[in-house]
**Student:** 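Structure in structure tokens, see below.
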Amino acid sequence: MSMNERYEPQSIESRWRARWEESGAFRAGSRPGAEKRYVLEMFPYPSGAMHMGHARVYTIGDAIARHLRMRGFDVLHPIGFDALGLPAENAAIKDGKHPGERTRENIVSFRADLKTMGFSFDWSRELATCDPEYYRWNQWFFVKMLERDLVYRRTGKANWCTGCLTVIANEQVVEENRCERCGSQVVEKQIPEWAFRITAYADDLLAGLDELRDWPERITTMQRNWIGRSEGAEVDFALEGGGAVKVFTTRLDTIFGCTYLVLAPEHPLVEQVTEPSRRAEVQAFVERMKRTDALERTGEGAPKEGVFTGALAVNPYGGGKVPVWIANFVLAEYGTGAVMSVPAHDQRDFEFARKYRLPVRVVIQPARGERTPEGDALAAATTDDGVLEASGPYSGLSSAAARSRMAADARAGGFGAPTVRWHLRDWGFSRQRYWGTPIPIIHCDEHGPVPVPEKDLPVLLPPQAIITGTGEPPLAKVPEFVNAPCPRCGRPSRRETETMDTFVDSSWYHARYLSPRDDARPFDPAEARRWLPIDVYVGGPEHAVMHLLYFRFWHRVMNDLGLTQEREPCRRLVTQGIVNGPDGRKMSKRWGNVVTPGPMVERYGADTLRLFILFAAPPEKDIDWSDEQVEGMSRFLARVWRIFHARQDCFRADEAALAQAAGPWLDLRRRTHRTIKKVTEGLEGDLKFNTGIAGLMELVNELYALEPRGAPERAAVREALLALAVLLSPFAPHAAEELWHEVLGPGARERLLATEPWPAADPALVAADTVTIAVQVNGKLRGEVRAAVAAGEAEVRALAEKEERVRAHLDGKTVRKVVFVPQRLINFVVG
RNA sequence: GGGCGGGUGGCGGAACUGGCAGACGCGCGGGACUUAGGAUCCCGUGCCGCAAGGCGUGAGGGUUCGACCCCCUCCCCGCCCACCA
């Protein structure tokens, strides 16, 4: 045999990729008797070239998938493209190239990039959401959800992105009212739109979070906050002139401290309640608020402003009258758009009351400790629960007890009821854009919006649309598309010209992978029984709300449609950190710190890049690109290569001789088996690829330190080399295949390491027979002794007391106590 | 303001369940090999100190024979949410 002396990744890598591809080794469903595992990474939007974030996500997922496959599972590890969306359309506005054409080209180059990384995808299941074969099922789901009243049309304030020129969802509006996608200002616009009734699942989505124990807590917390359940009560304050203001509060126990009400400027009652003498002032305020954008009006630090309407309202509990104000900080769309203000026990109300010299009335006292000061002595609101006072019949009750009793009394008295409010809003998914799924609706003068019948799906996206970026739906300018007969009466009607949010595509693609060519239904429920839920899902934490919420919502809908067996789409979620530039800043053209995988793979090979990504830090942490560390990984692989080359004489060693390995050779065998254990643990549970790889490095270092002579020694080296190749294979699969085949020789020509069984560590070798025990005096390290694993306190103590440095510290002192931890340390406590 | 993470050598990061802090890699220093070395192999590398020894996991306190780990007070950094009633 003659191994190449030099490690040359380029030739090795393409060769093994070809072997994997022709062997069908990564085809899911090839092990019908085996337990399944579904490993999924969030699919990419195919922009021109793959970037480091993609390289990281798929490298992490691939290590998991490869390991599980070697553990004997039938692994589903698919890939596809999230191919509809704005970037292709925005680029079209600039250069006129059709988004479809651009996307196809991008997919071709992106696919090639993915392939050079050697990911073990089942390419036979590849999908692209821009294919009518895919998006027709978006339309199918739309129609099914319409039938179930989970889709509706609403007119109201929608979030309009001034950059994307389309309506976007609440979840897509990020801080300072900017667009999550392009960063442009988002304004409110009165527009009719289609929405999914995700709020119907609010309770269920919230309750389901408790079962997601293998999701990062921060993700479930973010979802919990986003869903935002708050329990409280609605109460009516009767108006003097008739009618009532309904307020929502979570602190009904403080209602006797209510000294005024505040309505949102948009509240429908504003006009009615305003006293004629106040009308001018109130109208001016309302007008001004309308002109001020939401950010300025309700953003951080915006000063609280308001005006008195002149109206008085009656507290339903105490009968006292309170003035009705309007103010900038009350949001029309949350709760009832009206709040009862309790300045003593709510900081925001407190600030407002001080500014406008409204009374402050303390009605809650702490259960223990000092009384809350009153009047000018009160510097801030006290917001903790406590004991009620000056609250009529409820005085003396605890806050919690008061809340439930007062809510019950409100219901009995017909002036209110306990209520639950949600932060979650319905998902508005209409987009005034071209490159999306057409909404399958025909507007008929007679019948209104009529869904396109299932047999007429898909409604195809017309290729000839002119994309101008004016904010008008481009489809509206294609008469061949727009004009269609009403499915119900046949009269000339107009198609809906808006398209769907692309988050629809990513809400159920995980299910489409199960039977991607099925043209009779979105996916085969039998396959769903086999493969769902996803066992491990890898992606960025930026999808904590938005994708991951929609995805959970959609899975529930599919479950309610009888398509799947379970409520939750995914058992375990792994969120990976980002890859920053070498300067520690986010990679960006602006900083000139962008490093792309392509050139790195060309220069060092995919295995080196993969190792760098996995070794730099645990998956969830951000990492900085480092040329030096990449060099280090490349050196490591070359070092591995050289030790195989240098130990070729061990490749044919007789395994039977292993039992005779002794001394350092037995230590080597121990190291080998401990490494198996360490790498295996790093691939399970907490994913710690970095320490697993460190273990492999230690094994390599030990191999370099030993020169085998006899048969048992060569057998021990062969065992180590084989373990090294196998354990390396989830991380650096190409080099691992090559080295493994070198050791096994022609006898293994037909086999693939990728589908070989994962090794088991021999427990007898993992357990050491002697251990180093630290010797402490008063908790300070003064020496160490070697002792048998089973050595007891007396034996270790005797050994320790022989140590010179230990003796020096024990000399002339009384040993008060000896603490002995078997296999670890002995501590002499002296006085 | 609220929630969730973090803070360990010059750098990235290790450390099981309270038991030898700094594995492994990078960087740096030295040596070997070599016509050469920015290749390779070997050795060293937390800080102070010639040494013995002392000091060290953001700061301060506590519990303990023993604390990166548990408790209290505080500082700093990151991410997410935020006039949500």
Side-chain angles (χ1 to χ4, degrees), chain A residues 6 174-175 216-226 228 230 232 247-252 254 261-262 264 297-304 327-331 333-342 346-349 351-352 383 421-423 541-542 544-545 577-578 584 611-612 615-618 620-633 635-636 638-639 642 646 678 681 688 690-701 704-705 772-784 805 808 816-830:
Chain A
R6 287 182 41 133
V174 297
E175 83 246 44
E217 196 188 287
R218 72 187 197 102
I219 303 294
T220 50
T221 303
M222 280 164 68
Q223 291 217 352
R224 199 168 275 121
N225 292 341
W226 189 261
S230 70
V247 303
F248 173 69
T249 179
T250 54
R251 290 300 302 274
L252 189 56
T254 65
L261 297 188
V262 190
R297 200 182 105 192
T298 58
E300 186 196 5
K304 291 174 180 49
N328 60 342
F329 63 85
V330 176
L331 310 172
E333 60 275 9
Y334 187 78
T336 59
V339 299
M340 63 172 216
S341 280
V342 184
D346 181 284
Q347 186 56 26
R348 188 195 45 200
D349 295 344
E351 286 166 28
F352 193 79
T383 55
R421 288 278 166 185
W422 304 88
H423 173 265
E542 67 275 16
V545 285
I578 56 181
L611 273 184
F612 165 74
F615 185 66
E620 67 277 8
K621 287 199 67 166
D622 289 352
I623 59 179
D624 295 347
W625 180 262
S626 160
D627 289 320
E628 290 83 3
Q629 288 282 345
V630 174
E631 289 279 355
M633 290 305 107
R635 273 204 295 273
F636 169 63
R639 194 168 149 82
R642 279 191 300 272
K678 185 168 185 175
E681 284 170 355
K688 306 196 90 176
N690 55 335
T691 54
I693 293 166
L696 294 175
M697 289 170 170
E698 288 181 83
L699 180 57
V700 171
N701 290 344
Y704 266 86
T772 307
I773 293 178
V775 184
Q776 298 181 336
V777 179
N778 283 348
K780 288 204 190 293
L781 184 70
R782 299 300 178 189
E784 53 187 39
R805 281 176 68 218
R816 290 188 198 280
K817 186 175 171 184
V818 176
V819 180
F820 175 66
V821 183
Q823 301 185 45
R824 291 197 185 275
L825 66 71
I826 184 161
N827 184 16
F828 295 92
V829 185
V830 300

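In what follows, every chain begins at residue 1, and chains take the letters A, B, ... in the order their sequences are listed. These numbers were taken from a predicted model, which means no experiment stands behind them.
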**Student:** Just the rounded figure in Å: distance from C1' of rC84(B) to CG of D349(A).
**Tutor:**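 So the CG-C1' distance, D349(A) to rC84(B), works out to 12 Å.
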**Student:** Students often get this wrong, so: under 4.0 angstrom with heavy atoms, is G632(A) touching a base, only sugar-phosphate, or nothing?
**Tutor:**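 G632(A): backbone/sugar contact only, no base atoms under 4.0 Å.
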**Student:** Mind checking if S626(A) touches a base, just sugar-phosphate, or nothing, with heavy atoms under 4.0 Å?
**Tutor:** nothing
**Student:** Please state whether the phosphate of rC41(B), meaning OP1 or OP2, lies under 4.0 angstrom from any side-chain nitrogen or oxygen of Y704(A).
**Tutor:**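 Yes, such a contact exists.
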**Student:** What nucleotide, of rC84(B), rG25(B), rC83(B), holds the atom closest to the side chain of F329(A)?
**Tutor:** rC83(B)
**Student:** With a non-hydrogen cut-off below 4.0 angstrom, is K304(A) in contact with a base, only sugar-phosphate, or nothing?
**Tutor:**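 Base contact.
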**Student:** If the C1' atom of rG22(B) is compared with that of rC55(B), how far apart are they to the nearest Å?
**Tutor:**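 The same atom, C1', in both gives a distance of 15 Å.
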**Student:** Can you check the distance between rC77(B) and rG30(B), where both ends of the measurement are the P atom (answer in whole Å)?
**Tutor:** 39 Å
**Student:** Report yes if at least one side-chain N or O of N225(A) is closer than 4.0 Å to OP1 or OP2 of rC80(B); otherwise report no.
**Tutor:** no
**Student:** Which comes earlier along RNA chain B counting from the 5' end, the contact point of T772(A) or that of R639(A), where each point is its nearest nucleotide?
**Tutor:**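 This one resolves to T772(A).
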**Student:** Can you name the closest pair of heavy atoms from R218(A) and P541(A) and give their distance?
**Tutor:**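 For R218(A) and P541(A), the tightest heavy-atom pair comes out as NH2-CB, 3.1 Å.
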**Student:** What is the distance from CD1 of I623(A) to C1' of rG6(B), rounded to the nearest Å?
**Tutor:** 17 Å
**Student:** Could you walk me through whether R782(A) and F828(A) pass the side-chain contact (heavy atoms from CB on, under 4.5 Å) test, one step at a time?
**Tutor:** CA-CA 10 Å; R782(A) 299 300 178 189; F828(A) 295 92; over 6 Å; no
**Student:** Say you draw a straight line from CG of L696(A) to OG1 of T691(A); how long is it, rounded to the nearest 0.5 Å?
**Tutor:**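 Those atoms lie 10.0 Å apart.
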**Student:** By the 4.0 Å heavy-atom rule, please label Q347(A) as base, sugar-phosphate, or nothing.
**Tutor:** nothing
**Student:** Using the P atom on both, measure rU8(B) against rA32(B) and round to a whole Å.
**Tutor:**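 It works out to 38 Å between them.
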**Student:** Which base sits across from rG27(B) as a Watson-Crick or G-U pair, both distances under 3.5 Å?
**Tutor:** rU45(B)
**Student:** Expressed as a whole number of angstroms, how long is the span from E351(A):CD to rG1(B):P?
**Tutor:**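 Atom CD in E351(A) sits about 12 Å away from atom P in rG1(B).
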**Student:** Could you check whether F329(A) and F352(A) have their ring centres less than 6.0 Å apart?
**Tutor:**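 Close enough - the centres of the two rings lie under 6.0 Å apart.
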**Student:** Contact class for E698(A) (heavy atom, under 4.0 Å): base, sugar-phosphate, or nothing?
**Tutor:** sugar-phosphate
**Student:** Calculate, to the nearest 0.5 Å, the distance between atoms CD and CZ belonging to E631(A) and F612(A) respectively.
**Tutor:**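 Output value for this atom pair is 12.0 Å.
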**Student:** Look up atom CG in N690(A) and atom NZ in K621(A), then write down how far apart they are to the nearest 0.5 Å.
**Tutor:**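 If I round to the nearest 0.5 Å, the distance is 10.0 Å.
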**Student:** What is the distance, rounded to the nearest whole Å, between atom CD of E681(A) and atom C1' of rA15(B)?
**Tutor:** 14 Å
**Student:** Is there a Watson-Crick or G-U wobble partner for rC4(B) with both distances under 3.5 Å, and which nucleotide is it?
**Tutor:**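 Pair assignment: rC4(B) / rG78(B).
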**Student:** If you check the T691(A) side chain, which of rG12(B), rA14(B), rC84(B) turns out closest?
**Tutor:**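 Minimum distance to the T691(A) side chain belongs to rA14(B).
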**Student:** Contact class for E628(A) vs. all strands (heavy atom < 4.0 Å): base, sugar-phosphate, or nothing?
**Tutor:** sugar-phosphate
**Student:** Which base sits across from rU73(B) as a Watson-Crick or G-U pair, both distances under 3.5 Å?
**Tutor:** rA59(B)
**Student:** Please state how far atom CH2 in W226(A) lies from atom C1' in rC4(B), giving the value in whole angstrom units.
**Tutor:**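 It is 17 Å, rounded to the nearest whole Å.
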**Student:** Would you indicate what D346(A) reaches in the nucleic acid, counting non-hydrogen atoms under 4.0 angstrom: base, sugar-phosphate, or nothing?
**Tutor:** nothing
**Student:** Identify which nucleotide among rC20(B), rA85(B), rG13(B) has an atom closest to any side-chain atom of A774(A), counting heavy atoms from C-beta outward.
**Tutor:**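 For the A774(A) side chain, the nearest candidate turns out to be rC20(B).
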**Student:** Say you pick atom C1' in rC75(B) and the same atom in rG60(B); how far apart are they, in whole Å?
**Tutor:** 10 Å
**Student:** Looking for any heavy atom pair under 4.0 Å, which part of the strands does V339(A) touch: base, sugar-phosphate only, or nothing?
**Tutor:**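 Base contact.
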**Student:** Tell me if rG9(B) is syn or anti. Syn = glycosidic torsion within 90° of 0, anti otherwise.
**Tutor:** syn
**Student:** Less than 4.0 angstrom between a side-chain N/O of K688(A) and OP1 or OP2 of rA15(B), yes or no?
**Tutor:** yes
**Student:** N328(A) side chain to P303(A) main-chain N or O, any donor-acceptor pair under 3.5 Å?
**Tutor:**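 Between the backbone of P303(A) and the side chain of N328(A) there is a qualifying donor-acceptor contact (under 3.5 Å).
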**Student:** Could you check whether N827(A) gets within reach of a base, just the sugar-phosphate, or nothing at all, counting any heavy atom under 4.0 Å?
**Tutor:** base
**Student:** When you measure from the side chain of E217(A), which nucleotide among rG19(B), rC26(B), rC4(B) comes out closest?
**Tutor:** rC4(B)
**Student:** Counting only side-chain heavy atoms from C-beta out, which of rG25(B), rA85(B), rA23(B) sits nearest to A694(A)?
**Tutor:** rA23(B)
**Student:** Take atom C1' in rA15(B) and the same atom in rA21(B), then report the distance between them in whole Å.
**Tutor:** 7 Å
**Student:** Could you give the CG-to-C1' distance, from L781(A) to rG66(B), as a whole number of Å?
**Tutor:**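 It works out to 12 Å between those atoms.
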**Student:** Round to the nearest Å and state the distance from N328(A) atom CG to rC83(B) atom C1'.
**Tutor:**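 For the pair N328(A) CG and rC83(B) C1', the rounded distance is 8 Å.
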**Student:** Would you say R782(A) reaches rG66(B)'s phosphate, i.e. side-chain N/O to OP1/OP2 under 4.0 Å?
**Tutor:** no
**Student:** Any N or O donor-acceptor pair under 3.5 Å from the base of rG66(B) to the side chain of Q776(A)?
**Tutor:** no
**Student:** Could you check whether R635(A) gets within reach of a base, just the sugar-phosphate, or nothing at all, counting any heavy atom under 4.0 Å?
**Tutor:** sugar-phosphate
**Student:** Base, sugar-phosphate or nothing for R642(A)? Non-hydrogen atoms, less than 4.0 Å.
**Tutor:**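 Contact class for R642(A): sugar-phosphate only.
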**Student:** Nearest heavy atom decides the nucleotide; on that basis, is E631(A) or R805(A) closer to the 5' end of RNA chain B?
**Tutor:** E631(A)
**Student:** Sticking with atom P, work out how far rU64(B) lies from rC83(B), rounded to a whole angstrom.
**Tutor:**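 So the two P atoms sit 47 Å from each other.
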**Student:** Base, sugar-phosphate, or nothing: which does P216(A) touch, judged by heavy atoms less than 4.0 Å apart?
**Tutor:**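 The answer is nothing, as P216(A) stays clear of every strand by at least 4.0 Å.
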**Student:** If pairing requires Watson-Crick or G-U wobble contacts with both distances under 3.5 Å, which nucleotide is the partner of rG66(B)?
**Tutor:** none
**Student:** Hey, does the side chain of K678(A) come within less than 4.0 Å of rC16(B)'s phosphate (OP1/OP2), counting only N and O?
**Tutor:**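 Looking at the OP1 and OP2 atoms of rC16(B), neither is under 4.0 Å from any side-chain N or O of K678(A).
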**Student:** Between the side-chain atoms of R421(A) and the base atoms of rA85(B), is any donor-acceptor pair under 3.5 Å?
**Tutor:**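 Looking at the base of rA85(B), it does not pair with any donor or acceptor on the side chain of R421(A) (distance under 3.5 Å).
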**Student:** Rounded to whole angstrom, note down the C1' distance from rC16(B) over to rC69(B).
**Tutor:** 12 Å
**Student:** Tell me if a side-chain donor or acceptor on N778(A) pairs with a main-chain N or O of V830(A) at a distance below 3.5 Å.
**Tutor:**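 Yes, because the side chain of N778(A) sits within donor-acceptor range (under 3.5 Å) of the backbone of V830(A).
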**Student:** Taking 4.0 Å as the cut-off, does a side-chain nitrogen or oxygen of K621(A) come that near to OP1 or OP2 on rG13(B)?
**Tutor:**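 Yes, such a contact exists.
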**Student:** CH2 of W422(A) to CH2 of W226(A): how many Å apart, nearest 0.5 Å?
**Tutor:**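 The distance works out to 15.0 Å.
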**Student:** Say we look at rG18(B) and rC70(B): how far apart would their P atoms be, to the nearest angstrom?
**Tutor:**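 Those two atoms are separated by 8 Å.
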**Student:** For rG25(B) and N701(A) - does any side-chain N or O of the residue sit under 4.0 Å from the phosphate oxygens OP1/OP2?
**Tutor:**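 Affirmative; the distance criterion is met.
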**Student:** For R218(A) and rG2(B), give me the distance from atom CZ to atom C1', rounded to whole Å.
**Tutor:**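 Those two atoms, CZ and C1', are 16 Å apart.
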**Student:** Taking T383(A)'s backbone N and O only, do any of them form a donor-acceptor pair with R251(A)'s side chain (distance below 3.5 Å, no angle check)?
**Tutor:** yes
**Student:** Which base sits across from rU35(B) as a Watson-Crick or G-U pair, both distances under 3.5 Å?
**Tutor:** none
